[in-house]
Amino acid sequence: MSMAVIGLAVGMALGFAGYFGGFGAFLLVAALGAVGFVAGKFLDGDLEPGEFFRSRDRDRDRDRDRRR
């Protein structure tokens, strides 16, 4: 499925939630969609849990050491 079709489906779901359920439902659908997206990335193997907890300083130091 193309990203355009997925974007269309997500936009329609958010639109329906906002229209029929109000702004609170809109936010709930958006938040659950984001959680589902991240969970899907984990299941596909595109993300690892350590990526969220690694400090930026450590990444910067590692990149600097790699250049030497």
Side-chain angles (χ1 to χ4, degrees):
M1 189 180 288
S2 73
M3 293 303 288
V5 173
I6 293 171
L8 174 68
V10 169
M12 289 176 61
L14 289 173
F16 280 118
Y19 183 76
F20 292 111
F23 188 68
F26 173 83
L27 290 178
L28 179 66
V29 170
L32 291 176
V35 169
F37 176 77
V38 171
K41 286 290 200 178
F42 275 122
L43 292 175
D44 283 343
D46 293 337
L47 288 177
E48 294 183 17
E51 293 180 13
F52 289 106
F53 303 111
R54 191 175 309 139
S55 70
R56 291 183 182 186
D57 293 336
R58 187 180 305 162
D59 288 340
R60 196 176 327 140
D61 292 341
R62 187 180 58 202
D63 290 340
R64 184 178 48 205
D65 292 341
R66 203 179 302 160
R67 287 185 211 135
R68 290 183 185 171

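Numbers for residues simply follow the sequence, beginning at 1. Worth knowing before you read on, the calculation uses all heavy atoms, side chains too, and leaves out hydrogens, waters and symmetry mates. This is a predicted model, so every value here is computed, not measured.
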Honestly curious: do F16 and L28 fall in one hydrophobic cluster under the side-chain, below-4.5 Å linking rule? no

When every non-hydrogen atom of V29 is compared with those of A17, the smallest separation belongs to CG2-CB, 3.5 Å

Are I6 and V35 co-members of a hydrophobic cluster defined by side-chain heavy atoms under 4.5 Å apart? no

Between L27 and L14, is there shared hydrophobic-cluster membership here, with clusters defined by ILVMFWY side-chain heavy atoms closer than 4.5 Å? yes

Count the heavy atoms of every other residue, nucleotide or ligand shown that sit under 6.0 Å from CZ of F37, and state whether that count exceeds 12. no

Mind checking whether Y19 and L8 sit in one hydrophobic cluster, side chains of I, L, V, M, F, W, Y counted as touching below 4.5 Å? yes

